[in-house]
A.B. asks: 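Sharing a structure below in structure tokens format, with a few things to ask.
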Amino acid sequence: METSSCDIAIIGGGIIGASCALALADTGQQVVLIEPQDLASGASKGNAGALAFADILPLASPRIIRQAFRWLADPLGPLSLAPSYLLPVAPWLLQLWRASLPDRYPANIRAQVALMQLAQTEMDALLENAGLQSHLHTQGVLEVYEGAHRLQAAQGTAQWRDRYGIEAQVLQGADLAARQPGLAPRFTHGVYIPGWRNVGDPQALGQAIGQCAQSRGVQHLRQSVRWLQPSGQGVRLILEDGRLLQAGQVVVAAGAHSRQLAQGVGDRIPLDTERGYNTTLPPDALDLRQQITFSDHGFVVSPLRCGIRVGGAVELAGLKRAPNYQRAQAMLNKAKAFLPDLDTRDGTPWMGFRPSLPDSLPIIARSPHHPAVVYAFGHGHLGLTQSAATARLVRDIITQNTPAIDLHPYRVQRFSLWGKRT
């Protein structure tokens, strides 16, 4: 059986894996990035293109718990749960509920803030290092609400933002209309966050980062990893074609597919997938001034170089269930009602897997069972946003430097089988 070797193997060629590859390219070690498809062709391809540094509130929150039952009543609404998937996802849901309790929620926000602050500085550094600043633009984000009472219901979010110095401007009337012409009259109030940043095309950025890493010596191996086996001081990777790759250290950044690989090392991690849907329309489908978030409806409309993208929502149905593109159409129909000038013709629907952990924080840590394995997955809706920060922290771990922030909140051991936290 053919065997090859490398110093560092990175499993997964999405935005997290590509960013890790670039961060490790200059360490003087041989780095192999393992991805069977083109880089950034999974969840990194179809996201909203937001660098959501102001999005500090975890999905696991009292607000989401309150909304969940209302949303579940609509089979095409912002949240759906396939009945056949209820039993498999039940432990994950239990831990999500526990993470939303008052004794845990504030700590998760602090951990999210720390990662976001690092993410902002590290993304600037990554783009400058790679010469990719042209991918970034700052348009802000506009959250819109149907009436003063709905804006008031979001005051909890506003208070957390204010606590951490995130600028937000409340708009109504003529100010709201000037910020985004053509909104349906039902939307009377808005919150504009000027520090929100976006990229022109998230897949193009992920591929450019990966290409930069390859130009600095990283090898892209077009293979799937079937299994991991701890082997002496390193790790043996069993590839899909039967070959073996012996690596000194391994970074698991395989998104929603990371759980099985972690099991091969002996780590049981409650990773699940939030399936998200979108439709990308032609760039001239709307005069869209910035990303618009329809918070009470669970979706966004984003201006990208590749088109106007209407997407969001959460579907809990695992990795194997066929896509239900009626969910994408339902969001598109709502977007048309909310933005009457939107031209919904010639759209391309898409579905992707967001790798999510119950407390809305990623795992960025060495495996407690084998120190040669480093995990970098579970970013949920924030993979693009937190990619550069994750790459910096993975580099710190691999090179045994003091991490840029405290890694305790992102450890593997914070979960146990029955939802208790350690």
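Both backbone and side-chain heavy atoms feed into the values below; hydrogens, waters and symmetry mates do not.
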A.B. asks: Apply side chain to side chain contact (heavy atoms under 4.5 Å, CB included) to residues I209 and L126 and explain how you reach the verdict.
C.D. replies: CA-CA 9 Å; I209 291 172; L126 183 152; 3.7 Å; yes
A.B. asks: Using a 4.5 Å cut-off on heavy atoms from C-beta on, say whether the side chain of L115 contacts that of L393.
C.D. replies: yes
A.B. asks: Given the rule in the side chain to side chain contact (heavy atoms under 4.5 Å, CB included) test, do L101 and Y105 qualify, once you have shown the distances and angles that lead to the verdict?
C.D. replies: CA-CA 6 Å; L101 295 177; Y105 180 59; over 6 Å; no
A.B. asks: Is the backbone of L271 close enough, under 3.5 Å, to the side chain of R259 for a donor and an acceptor to pair up by distance?
C.D. replies: yes
A.B. asks: Which heavy atom of V235 sits nearest a heavy atom of A372, and at what distance?
C.D. replies: CG2-CB, 3.8 Å
A.B. asks: Any luck finding a side-chain donor-acceptor pair between T280 and R309 under 3.5 Å?
C.D. replies: yes
A.B. asks: Is a side-chain donor-acceptor pair under 3.5 Å present for H137 with N198?
C.D. replies: no
A.B. asks: Taking the side chain as C-beta and beyond, is there a heavy-atom pair between I16 and F377 under 4.5 Å?
C.D. replies: no
A.B. asks: Any chance the side chains of H220 and E35 put a donor and an acceptor closer than 3.5 Å?
C.D. replies: no
A.B. asks: Working to the nearest 0.5 angstrom, can you tell me the gap between L316 CG and R321 CZ?
C.D. replies: 11.5 Å
A.B. asks: Using every non-hydrogen atom in the two residues, find where A21 and V218 come nearest and quote the distance to one decimal.
C.D. replies: O-CG2, 3.7 Å
A.B. asks: For atom CD of Q169, is the number of surrounding heavy atoms from other residues, nucleotides or ligands below 6.0 Å larger than 12?
C.D. replies: yes
A.B. asks: Can you check whether Q386's main-chain N or O pairs, donor with acceptor, with T390's side chain at less than 3.5 Å?
C.D. replies: yes
A.B. asks: Can you tell me how far CG of L171 sits from NE2 of H189, rounded to the nearest 0.5 angstrom?
C.D. replies: 10.0 Å
A.B. asks: Please determine whether a side-chain nitrogen of the Lys or Arg among D359 and R104 lies less than 4.0 Å from a carboxylate oxygen of the Asp or Glu.
C.D. replies: no
A.B. asks: If we only count heavy atoms from C-beta on, is the D346 to L281 side-chain gap below 4.5 Å?
C.D. replies: no
A.B. asks: So, Y410 versus Y375, ring centres under 6.0 angstrom or not?
C.D. replies: no
A.B. asks: Give a yes-or-no answer on whether the side chains of Q249 and D7 include a donor-acceptor pair shorter than 3.5 Å.
C.D. replies: no
A.B. asks: Return the orientation label for the F338 and F299 ring planes: parallel under 30°, perpendicular over 60°, tilted otherwise.
C.D. replies: parallel
A.B. asks: Under 3.5 Å, is there a donor-acceptor pair between the side chain of S19 and the main chain of A388?
C.D. replies: no
A.B. asks: List the steps and the verdict of side chain to side chain contact (heavy atoms under 4.5 Å, CB included) for E274 and H381.
C.D. replies: CA-CA 9 Å; E274 299 175 49; H381 299 242; 2.7 Å; yes
A.B. asks: Does atom NZ (K45) have a neighbourhood of more than 12 heavy atoms from anything else shown, all under 6.0 Å?
C.D. replies: no
A.B. asks: Distance check, rounded to the nearest 0.5 Å: R268 atom CZ versus H369 atom NE2?
C.D. replies: 10.5 Å
A.B. asks: Do you know the tightest heavy-atom contact between G378 and L357?
C.D. replies: CA-CD1, 3.9 Å
A.B. asks: Does R414 reach the side chain of L361, with side-chain heavy atoms less than 4.5 Å apart?
C.D. replies: yes
A.B. asks: Are there more than 12 heavy atoms of other residues, nucleotides or ligands under 6.0 Å from atom CD of Q233?
C.D. replies: no
A.B. asks: When you measure from the side chain of Q30 to the backbone of G217, do you find a donor-acceptor pair of N or O atoms at a distance under 3.5 Å?
C.D. replies: no
A.B. asks: For the CD1 atom of I166 and the CH2 atom of W196, what is their distance to the nearest 0.5 Å?
C.D. replies: 9.5 Å
A.B. asks: Do any pairs count as a side-chain hydrogen bond (donor to acceptor under 3.5 Å, both in side chains) and have a residue in residues 114-128, sequence neighbours left out, and if so which ones?
C.D. replies: E122-R392, D124-R197
A.B. asks: Would the distance check show the side chain of K334 and the main-chain N or O of H297 forming a donor-acceptor pair, the cut-off being under 3.5 Å?
C.D. replies: no
A.B. asks: Given side chain to side chain contact (heavy atoms under 4.5 Å, CB included), test I398 with I8 step by step and report yes or no.
C.D. replies: CA-CA 9 Å; I398 291 285; I8 303 169; 3.7 Å; yes
A.B. asks: Tell me, do L33 and L221 make a side-chain contact under 4.5 Å, heavy atoms counted?
C.D. replies: no
A.B. asks: Could you tell me which non-hydrogen atom of G182 sits nearest to which non-hydrogen atom of P340, and how far apart they are?
C.D. replies: O-CD, 3.2 Å
A.B. asks: Is it true that S80 and R327 share a donor-acceptor pair across their side chains at a distance under 3.5 Å?
C.D. replies: yes
A.B. asks: Are there more than 12 heavy atoms of other residues, nucleotides or ligands under 6.0 Å from atom CD of E240?
C.D. replies: yes
A.B. asks: Please report the shortest heavy-atom distance between I397 and R366, naming the atom on each side.
C.D. replies: O-NH2, 2.8 Å
A.B. asks: Looking only at side chains, do D272 and S356 share a donor and an acceptor under 3.5 Å apart?
C.D. replies: no
A.B. asks: With no hydrogens and no angle check, just 3.5 Å: does a side-chain donor-acceptor pair link Q112 and N108?
C.D. replies: no
A.B. asks: Does any donor atom in the side chain of Q214 or Q219 lie under 3.5 Å from an acceptor atom in the other side chain?
C.D. replies: no
A.B. asks: Any chance the side chains of E143 and T293 put a donor and an acceptor closer than 3.5 Å?
C.D. replies: no
A.B. asks: Between CG of N129 and CZ of R216, what distance do you get to the nearest 0.5 Å?
C.D. replies: 4.0 Å
A.B. asks: Decide yes or no for I10 and I34: does some side-chain heavy atom of the first lie under 4.5 Å from some side-chain heavy atom of the second?
C.D. replies: no
A.B. asks: Look at the side chain of T279 and the backbone N and O of G347, then say whether any donor-acceptor pair between them is shorter than 3.5 Å.
C.D. replies: no
A.B. asks: Okay, side chain of Q291, backbone of L142: is any donor-acceptor separation there less than 3.5 Å?
C.D. replies: no
A.B. asks: Within a strict 4.5 Å, meaning less than it, do heavy atoms of the I292 and V300 side chains meet?
C.D. replies: no
A.B. asks: Would you say Y192 and V141 make side-chain contact, with heavy atoms under 4.5 Å?
C.D. replies: no
A.B. asks: Measure the CZ-CG distance between R226 and L261 for me, rounded to the nearest 0.5 Å.
C.D. replies: 12.5 Å
A.B. asks: Judged by atom type as modelled, is there a donor-acceptor pair below 3.5 Å linking the side chain of T385 to the main-chain atoms of A50?
C.D. replies: yes
A.B. asks: What are the two closest non-hydrogen atoms of M116 and D55, and how far apart are they?
C.D. replies: CE-O, 3.1 Å
A.B. asks: Any luck finding a side-chain donor-acceptor pair between D241 and Q223 under 3.5 Å?
C.D. replies: yes
A.B. asks: Can a donor-acceptor pair be found, under 3.5 Å and without considering hydrogens, that links the side chain of D38 to the backbone of S41?
C.D. replies: no
